[in-house]
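Here is how names work: the chains are called A, B, and so on, in the same order as the sequence lines, proteins then strands, and each is numbered from 1. Predicted model only: the values in this text are computed from it and were never measured.
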Number of protein chains: 2
Amino acid sequence: MERKQIQEQRIRGYFVQAAKDILRSEGLKGISVRNVAQNAGYSYATLYNYFSDIRFLVFECVRDFQEECDTFIAERVEGAAPGIERLRAISKAYLDYFVEYPGIFELFYLEKMSAYGNSKETAELIYSYLDKLCENDWTVYSVKTKISDELIDKLKDQLRYTLIGLLLFYLNRHYPGTYEEFIERSEKQLAYIWD
Amino acid sequence: MERKQIQEQRIRGYFVQAAKDILRSEGLKGISVRNVAQNAGYSYATLYNYFSDIRFLVFECVRDFQEECDTFIAERVEGAAPGIERLRAISKAYLDYFVEYPGIFELFYLEKMSAYGNSKETAELIYSYLDKLCENDWTVYSVKTKISDELIDKLKDQLRYTLIGLLLFYLNRHYPGTYEEFIERSEKQLAYIWD
DNA sequence: AAATATAATTAACACTGTTAATATTTCCAA
DNA sequence: TTGGAAATATTAACAGTGTTAATTATATTT
């Protein structure tokens with residue numbers, strides 16, 4: 001790799017890091033070209049030397065945030081038995097992650113994507129993320145219960161929509177109004193899916 | 001009612017109508033103070049004589065759009081037998097409405113609410129809207145199947161999250177990529193819920 | 001008709017994303 | 001090492017945004 005490319009990657013990295021920090025702490029409303037560039041240590045127009053537009057930059061953060069979420073979840077499901085027990089724990093941790101970082105939830109699911117770049121690839125990454133998190137445990141569950149692959153696919157989708165629906169109403173519509181009720185509702189709904 | 005109030009309501013109505021027209025045709029990206037006011041026939045700053053902010057105005061449109069959606073759905077489910085058959089038809093029509101008006105979907109579920117006004121009330125209106133649409137048919141279904149009220153509540157939530165999840169991914173993440181696949185997926189998921 | 005109150009509009013401002021023009025830095029050949 | 005070309009970073013500029021204050025126009029009251 002040439003020095004030029006090292007430098008380019010380095011500077012892109014400053015911008016990505018700045019964007020991620022803002023997204024984590026303030027969500028998308030904190031994102032502006034000037035704010036990100038200021039935090040990256042460059043003039044705002046420099047951003048366009050490296051990214052097609054501001055939206056492209058924020059969606060570049062998705063992969064990193066998925067890795068962070070992996071870590072977050074791994075710490076919380078440690079010790080859970082593979083299969084149903086671990087699926088429950090992953091689901092709970094997934095909810096916790098987005099409740100803690102609502103700005104990232106917004107990025108993953110709500111914000112319009114850039115007209116540039118690999119939107120299709122990013123969309124698929126986002127769509128299938130939960131499946132990847134739970135991949136092994138679905139397999140264990142499937143083998144144990146002897147449920148058909150077709151039905152497992154449906155359960156996967158039901159889990160996805162349920163978790164995202166719960167988060168969407170809680171984070172975006174403050175419904176239910178309290179965290180306690182949110183947790184209670186999520187537990188009931190998840191119990192319905194498995195049981 | 002005094003003449004002054006009649007006039008106030010009339011002018012508010014112009015703004016609401018303008019906002020609704022823009023939302024229907026262009027979605028939230030077409031909404032700006034200047035664009036709405038232009039279409040209402042007033043200067044942009046006049047809007048603040050009647051509404052706390054632009055966001056308050058667009059959320060004032062929710063009730064009207066729910067009534068429009070009622071009409072849209074009623075036309076499409078005519079003739080369906082009360083109960084499961086009608087629940088299926090309502091679900092399908094609900095998806096169709098938002099596919100036709102993605103801007104309204106965004107307003108209902110994605111856009112941040114105003115700091116002013118009855119956000120809580122609007123949130124509840126949005127949350128419970130699907131339940132209202134299906135109220136009679138859930139009752140018929142419950143009586144026919146003898147399913148407990150508790151389980152019916154869970155089914156209601158499952159239906160809500162599934163429909164919104166399907167729409168969210170399709171409209172916001174273009175996943176699946178084709179309308180045909182979207183329909184196929186929705187039919188499979190809905191079949192899973194009822195069957 | 002004049003004074004007062006109210007409503008509508010214009011001016012202004014701080015902010016936004018993006019692009020063009022300019023300045024600075026880096027690279028390369030002599 | 002130096003000078004010129006190329007690349008990169010920055011500043012200037014622009015059109016647009018939401019909101020508020022100042023001004024103007026209209027309606028109401030005396």
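Residue B:S32 is classed as a sugar-phosphate contact, given heavy-atom separations below 4.0 Å to backbone atoms only. Residue B:Y42 is classed as a sugar-phosphate contact, given heavy-atom separations below 4.0 Å to backbone atoms only.
For A:Y44, whose side chain is taken as the heavy atoms from C-beta onward, the closest listed nucleotide among D:dT20, C:dT19, D:dG18 is C:dT19. When distances are taken from the side chain of B:T46 to each of C:dT9, D:dT19, C:dG17, the shortest belongs to C:dT9. Closest contact between the side chain of A:Y48 and the listed nucleotides C:dG17, D:dA13, D:dT8 involves C:dG17.
Nucleotide D:dA9 holds its P atom 6 Å from the CG atom of A:N49, rounded to whole Å. The distance from atom CZ of A:F56 to atom P of C:dG17 is 17 Å, rounded to the nearest whole Å. Taking atom CZ of B:F51 as the reference point, atom C1' of D:dG18 lies 16 Å away to the nearest angstrom. In this structure, A:I11 atom CD1 and C:dT25 atom P are separated by 14 Å, rounded to whole Å. Atoms CD (A:Q38) and P (D:dT10) sit 11 Å apart, rounded to a whole Å. Rounded to whole Å, atom C1' of C:dA14 lies 15 Å from atom CG of A:N35. Distance CD1 (A:I54) to C1' (D:dG16): 17 Å, rounded to an integer number of Å. Here D:dT8 presents its P atom at 6 Å from OH of A:Y50, a figure rounded to the nearest Å.
Between A:F15 and A:F51, the ring planes are perpendicular. Angles over 60° get that label, and only those under 30° would be called parallel. Ring-plane geometry between B:Y179 and B:Y170 is classed as tilted, the angle between the planes lying from 30 to 60 degrees on a 0 to 90 degree scale. The aromatic rings of B:F105 and B:Y109 sit tilted, their planes meeting at an angle between 30° and 60°. Using bins of under 30°, 30° to 60° and over 60° for the plane-to-plane angle, the ring pair B:Y101/B:Y97 lands in the tilted bin.
Clustering ILVMFWY residues whenever any of their side-chain heavy atoms sit less than 4.5 angstrom apart, transitively, puts B:V140 in a cluster other than the one holding B:I73.
At most 12 non-hydrogen atoms from other residues, nucleotides or ligands lie less than 6.0 angstrom from CD of B:Q38.
Inter-axis angle, ends of the helix from C:dA1-D:dT30 to C:dA30-D:dT1, five pairs per end, rounded to 10 degrees: 20°.
Using a 3.5 Å distance cut-off with no hydrogens or angles, the side chains of A:Q17 and A:D21 do pair a donor with an acceptor.
In this model, no side-chain donor or acceptor of B:Y14 finds a partner on the base of C:dA8 within 3.5 Å. Residue side chain B:R34 does not reach the base of D:dG16 through any donor-acceptor N/O pair under 3.5 Å, judged by distance alone.
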